[in-house]
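Report on the following structure.
The residues of the chain are indexed from 1 along the displayed sequence. Ligands are counted one by one from 1 in listed order, and the atoms in each one are counted from 1 as well.
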Amino acid sequence: MPTLHNRLCSLLLGFSASSAALAQTAPTLAPSGNPIIRNKYTADPSAMVQKGTVYLYTGHDEAPARQERYVMHEWLCFSSTDMVNWTEHPVPLKVSDFAWAKDDAWASQVVARNGKFYWYAAVEHGSIHGKAIGVAVADSPTGPFKDARGSALIAPDMTTDKISWADIDPTVFIDSKGQAYLFWGNTTCYYAKLKANMTELDGPIQTVAGLPRYTEAPWVHEHNGWYYLSYASEFPEKIVYAMSRSLEGPWQYKGILNEIGGNSNTNHQAIIDFKGQSYFIYHNGAINTDGGSFRRSVCIDYLYYNKDGTMKRVVMTTEGVKAAK
Ligand code: FUB
């Protein structure tokens, strides 16, 4: 077991909530470092800034203690104006909102366009074997969200991978000309352009080259004229990244951004800027005695850039970040 895990566990056990407290929902969550949410298990964060507020979207790990498999039926939404005090909103999207899907509310991301909010989410397809990507739409960042198509945007038979969980972990980036790109995939990283309506592909599915030891969890962001494609690498996963001047590549691999998350064999990141500071949002399995790969918790730490545009390795802390002013 990694030293980092031992350290995180022993630090967190000191102030973690009881199992009973974890089961309750709290509309406003007390600020107290990492993990930032302690009333339920949260995973696969994505985040979006809208009008001075950060909206954090997560998966919900619902596996009971000692059940070592993903039990995930819904996604969650939290908001904050300072990155420390988080308010939980009513569940805005469930797998059952996609009539064509069966289960598995896996990783997702919400993006804004023209006053609407589009939620791209990985689920198990109901009639074609394998994972798929759906898109839901809402007029508000907190929902309610409705299936925008009535069918999968990416169905399992649209890619050629042999594994059934190839089509997961969507991330969407809209460039300065208004062209939206969808990236996704396990083992192979795919991308495709989206039409302006955000609910249809606009061209062929392509493969991203230049991402060594790619596992899953792509996240695309931009900073000072560089595009960054961070992703989970190997297994257990660490987060690594590549840079490019173009969203269509070529991508240049730059190395490790964040190490293996304590007590979780997955790590999954979102990167945002807010009030003049860059943040790295991820998950680990370090909360409480029951935490682990299937009961994960979202954490936030600072992200810093070097002068040449490369990113410094993110230091995982239990203190987390200070309130943004
Ligand atoms: O939460 C289920 C899966 O685990 C996600 O889709 C992956 O990114 C990994 O975190």
If the plane angle is over 60° it's perpendicular, under 30° parallel, otherwise tilted; pick one for [X] and [Y].
{"X": "W119", "Y": "F145", "answer": "perpendicular"}
{"X": "H268", "Y": "H283", "answer": "tilted"}
{"X": "Y191", "Y": "Y181", "answer": "tilted"}
{"X": "Y279", "Y": "F274", "answer": "tilted"}

Next item on the list: Tell me which one of D169, T215, N186, N267 gets a heavy atom nearest to atom 6 (O) of ligand 1.
Entry: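 Shortest heavy-atom distance from atom 6 (O) of ligand 1: D169.
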Item checked: Region of Q269 that comes within reach of ligand 1 [heavy atoms, distance under 4.0 Å] ->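 Looking at Q269 and ligand 1, no heavy atom falls under 4.0 Å.
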Item checked: ligand 1 contact on A107 by region, counting heavy-atom pairs under 4.0 Å ->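 It is both parts that get close, each with some atom under 4.0 Å.
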Check: Taking distance alone, with no angle check, do E237 and ligand 1 share an N/O pair under 3.5 Å?
Finding: no
Checklist line | Selection residues 243-267 - residue pairs positive for ring-ring contact (aromatic ring centres under 6.0 Å, His included), sequence neighbours left out | finding: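 Sorted result for residues 243-267: empty, none.
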Next item on the list: Write out the residue and atom name of the closest protein heavy atom to atom 9 (C) of ligand 1, then the distance separating them to 0.1 Å.
Entry: E216 OE2, 3.4 Å
Next item on the list: May I ask you to identify the nearest protein heavy atom to atom 10 (O) of ligand 1, giving residue, atom name and distance to one decimal place in Å?
Entry: D44 OD1, 2.6 Å
Check: Any idea which atoms of ligand 1 are less than 4.0 Å away from a heavy-atom of H283?
Finding: 10 (O)
Next item on the list: Provide the number and element of each atom of ligand 1 under 4.0 Å from a heavy atom of R296.
Entry: 1 (O), 2 (C), 4 (O), 9 (C), 10 (O)
Check: Just how far is it from atom CH2 of W219 to atom OH of Y282, taken to the nearest 0.5 Å?
Finding: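 The OH atom of Y282 is 16.0 Å from CH2 of W219, to the nearest 0.5 Å.
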